[in-house]
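Structure record follows, encoded as structure tokens.
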Amino acid sequence: MREVAALAGVAIKTVSRVVNGVPTVDPAIAARVREAADKLGYRPNLTASSLRRGDGRTATIGMLVEDAANPFSAALTRTVENVARGRGSLVLVGSLDEDPARERELAQALIDRRVDGLVIVPAGRDHSYLISEQRSGTCMVFVDREPSLLDADAVVSDNRQGSVTAIEHLLKSGHRRIAYLGDQVTISTAAQRFDGYRHALELAHIEYDAEIVRHVGSSESAAIAATEELLALPDPPTALFTSQNFVTIGAVRALRALGLQDTVAHVGFDDFPLADILSPGISVIAQDIERLGRTAAEMLFRRLDGDESPTSTVTVPTRLIERGSGEIIAAGPVG
């Protein structure tokens, strides 16, 4: 900073004010300081700067997602990043791979790096390990799934109603034997979607049949195998409801390999890239990812700004997108 000050012909204090974005510095002087800094290759030490700030903030937030490669996680992260950028903050992202131990490890690593707050898509079912951090002032908001054993804000989709909507849509096309393929029910969102599936069948007075239900995790290859197995049954389903995007992609591949994409109806939960350009297009229950991410980020920054109101859970509606696969009329058993 002394070198920048000497080259710009100003005091070190003036350089400090320019670096920290103080608006009262004369624009001409500020431009001269920035030009000198560029010539010398000077970059401020943000870590040291944060230690000197009165509020102790680092202008960073941590974000933990299921899998950064998953289209849902990627879109959610980008939305949070857009909000954070408007607040002058960076987002540090980690993938949990549905591993509670990794969740704890990454959450602690981000806290140790003094992030101002956390946005978490949780993998575990016990978040009491964060109580002491919360009491110490670390703000946190949960997305997609609510926290357990911790009082914290959350933003979730209406998973149960989304599944009900999907099944009711297939029922309208005459389907009565509707298979379910989804993630493990130990995951709260998967359990809610499965519950919605069963509830919709109950409302339609259709007996639940475990023979056409598969909890395959989030593996595309497992979904392919499960779909092939279901359609090889003596009394196969005439429609599929897949409650996770990778499972949906696996089912699409299996249907096309079997030449049944125009025969077996299909509705998936979560949209995914290229779903609209397939033939037929894949009908989906779409989550409002932009609203989920924006709401979570805004809640977090309100907490960082001093909001001490009671914690809350915001539920975001889903919507059905009709593209063709979910509108195939039932034509009797396939095989």
Side-chain angles (χ1 to χ4, degrees), residues 1-71 73-97 102-121 130 133 136-141 143 289-290 293-294 296-306:
M1 289 182 73
R2 281 193 296 271
E3 293 172 3
V4 172
L7 183 58
V10 298
I12 293 178
K13 185 175 181 180
T14 301
V15 175
S16 176
R17 293 170 68 201
V18 172
V19 167
N20 288 296
V22 177
T24 55
V25 179
D26 180 90
I29 295 176
R32 198 162 75 232
V33 169
R34 285 191 287 269
E35 183 180 357
D38 288 341
K39 286 181 178 179
L40 294 172
Y42 168 74
R43 294 292 180 272
N45 185 326
L46 296 178
T47 300
S49 177
S50 69
L51 293 174
R52 291 194 298 267
R53 289 176 54 180
D55 59 9
R57 298 282 173 80
T58 61
T60 59
I61 62 173
M63 185 163 183
L64 302 178
V65 297
E66 176 187 352
D67 179 0
N70 185 301
S73 298
L76 188 69
T77 300
R78 182 54 190 266
T79 302
V80 171
E81 184 181 31
N82 289 342
V83 175
R85 183 180 180 185
R87 293 291 301 255
S89 292
L90 294 176
V91 181
L92 308 179
V93 184
S95 297
L96 301 181
D97 300 322
R102 184 166 174 79
E103 177 194 308
R104 289 186 176 220
E105 174 190 335
L106 288 180
Q108 192 59 57
L110 289 167
I111 291 168
D112 289 345
R113 283 162 177 76
R114 302 190 56 175
V115 294
D116 298 329
L118 292 171
V119 176
I120 306 174
V121 180
L130 289 169
E133 305 297 345
S136 297
T138 301
C139 299
M140 55 196 72
V141 176
V143 188
I289 303 175
E290 198 273 338
R294 185 182 69 252
E298 289 173 349
M299 291 176 82
L300 181 66
F301 281 109
R302 280 200 300 272
R303 293 297 185 191
L304 290 171
D305 289 340

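Numbering starts at 1 and runs along the sequence shown.
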Mind checking whether M63 and V143 have side chains closer than 4.5 Å, heavy atoms only? no

- Query: Would D305 and R87 satisfy salt bridge (charged side-chain N to carboxylate O under 4.0 Å, His left out), going step by step from the backbone distance to the final call?
  - Reply: CA-CA 11 Å; D305 289 340; R87 293 291 301 255; 2.7 Å; yes

Do I120 and L130 come close enough that some side-chain heavy atom pair is under 4.5 Å?
yes

Closest heavy-atom pair, E133 versus I111, reported as atoms and distance to 0.1 Å, is OE1-CG2, 3.4 Å

Which of L304, T138, L300 passes side chain to side chain contact (heavy atoms under 4.5 Å, CB included) with D116? Answer is L304

To the nearest 0.5 Å, atom CZ of R294 lies from atom CE of M299 at 13.0 Å

Closest non-hydrogen contact found for F301 with S89 is CE2-OG, 3.8 Å

| query | With a cut-off of 6.0 Å (strictly less than), are more than 12 heavy atoms of other residues, nucleotides or ligands near CD of E290? | reply | yes

Interatomic distance, CG@N82 vs CZ@R78, rounded to 0.5 Å, equals 5.0 Å

Of V33, I12, T24, the one forming a side chain to side chain contact (heavy atoms under 4.5 Å, CB included) with R17 is T24

Between V115 and T58 the two heavy atoms that sit nearest each other are CA-OG1, 3.9 Å

All heavy atoms of R32 vs all of V10, minimum pair found to be NH2-CG1, 3.5 Å

Review point. Under a 4.5 Å cut-off applied to non-hydrogen side-chain atoms, are V121 and L96 in contact?
Key: no

Closest non-hydrogen atoms of G293 and T79, given as atom of the first, atom of the second and distance, are C-CG2, 3.8 Å

Of all heavy-atom pairs linking A68 and S95, the shortest is N-OG, 2.9 Å

* Side chains of L64 and L110: does their closest heavy-atom pair fall under 4.5 Å? -> yes

*asked:* The test is salt bridge (charged side-chain N to carboxylate O under 4.0 Å, His left out); show your working for K39 and E35 and say whether it passes.
replied: CA-CA 6 Å; K39 286 181 178 179; E35 183 180 357; 3.6 Å; yes

Rounding to 0.5 Å, atoms CD (E81) and CG (L92) come to a distance of 10.5 Å

**Any donor-acceptor pair under 3.5 Å from S73 side chain to V65 backbone** = no

_V80 vs I61, test: side chain to side chain contact (heavy atoms under 4.5 Å, CB included). Steps then yes/no._
CA-CA 10 Å; V80 171; I61 62 173; 4.0 Å; yes

